[in-house]
Amino acid sequence: MTLVLSGRELARQIEEELAVEAARLKNSGVPPALAVILVGEDPGSHVYVANKIKTCQRLGIRSVDHKLPADTTQKELETLVEMLNMDPAIHGVLCQMPLPSGLDGQRIIRMINPAKDVDCFHPYNVGLLAMGHPAFLPCTPAGIVEMLVRGHIEVAGRHAVVLGRSNIVGRPMSILLSAKGMDATVTVCHSRSKDLAAITRQADILIAAIGQPLFVTADMVREGAVVVDVGMNRIPDPTRPSGTRLAGDVDFDNVAPKCHAITPVPGGVGLMTIAMLMKNTLAAAERSLAQAN
Ligand code: GUN
């Protein structure tokens, strides 16, 4: 029997824990607050941001929502970030990526006050993570670690293969899994790797974060592996009223029967990412309370 690791149930548990922490901070005079910047009309980004804001509301975290038109200038965006950086009532600042073409996302990432960088995208925070002294954990990789730990998946000493090398998932995932305490042996591979299937077949734990729908097929997975699907791809589906559906990077139907455990899409990693964003926001608020006392 394959274990399906549900992000829904785990995220609900974590949210319960975080709501208690949010209430405690509020009662201590620091109502936790997350600023969310969304530029342009990308439908996927609008859905992600709406889910982040809804989760804030459920947990008792104040969300301050800045939706800006696609023709926003770099200067306007930077002025907003500066204002949020300086506002003591804001603990987390998040700018949804990617930005519309013409805007420099890397400059924005570097501008966000590292103490409010709840995405853990700033080079300072990525550096601390790489050195083994993180101030924040990157949300998607941290959510995956929570799923593995709470799902009682053994990681130490095992071979984890990370498929994808993005700054948001693949690279920080490889850092977290190889860190002291997690102790996996990690291979990072990507679209340019030679004989990918031969590499992924060596995985005890396979993290699929390549951004291509149904990319990981049954022949790429070893019997008894743990497969984590980070993919969020919209593909055509004429049987749905919308004409599309969400598909992961893994061909779930054919891969799942081979696995010890697997995460579904939707209802898997995505929900955990948001839970970890909330956790980081509360950590930032907690630090601002500690500094005030
Ligand atoms: N775009 C895709 N994932 C993320 C994320 O976790 N944070 C931000 N800011 N943008 C994203």
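Basis for what follows: all heavy atoms, side chains included, without hydrogens, waters or symmetry-related copies. All ligand and atom numbering here is 1-based and tracks the order in the structure.
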Answer yes when [X] and [Y] have at least one side-chain N-carboxylate O distance shorter than 4.0 Å, and no when they do not.
X	Y	value
Glu16	Arg12	yes
Glu286	Arg24	yes
Glu78	Lys75	no

Per-atom contacts, ligand 1 versus Phe121 - under 4.0 Å to a heavy atom: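 Answer for ligand 1: 5 (C), 7 (N), 8 (C), 9 (N).
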
Is the closest heavy-atom distance from Tyr48 to ligand 1 below 4.0 Å? no

Which residue holds the protein heavy atom closest to atom 8 (C) of ligand 1, what is that atom called, and what is the gap in Å?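 Heavy-atom neighbour on the protein nearest atom 8 (C) of ligand 1: Asp119 OD2, 3.5 Å.
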
Considering only non-hydrogen protein atoms, determine which one is nearest to atom 11 (C) of ligand 1 and report residue, atom name and distance to 0.1 Å.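 Ranked first by proximity to atom 11 (C) of ligand 1 is Gln96 NE2, 3.3 Å.
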
Knowing that exactly one of Asp229, Asn233, Val250 qualifies, which makes a side chain to side chain contact (heavy atoms under 4.5 Å, CB included) with Val265? Asp229

Report yes or no: does Glu17 contribute a side-chain atom to a donor-acceptor pair with the main-chain N or O of Ile14 at less than 3.5 Å?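 It does not hold such a pair.
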
So is there a nitrogen or oxygen of Thr140 less than 3.5 Å from a nitrogen or oxygen in ligand 1?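 The answer is no, given that Thr140 and ligand 1 share no N or O pair closer than 3.5 Å.
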
Based purely on interatomic distance, does Cys95 place a nitrogen or oxygen under 3.5 Å from a nitrogen or oxygen of ligand 1? yes

For atom 2 (C) of ligand 1, which candidate among Met276, Met232, Lys52, Met97 holds the nearest heavy atom? Met97

Take atom NZ of Lys258 as the centre, draw a 6.0 Å sphere, and report whether it contains more than 12 heavy atoms from other residues, nucleotides or ligands. yes

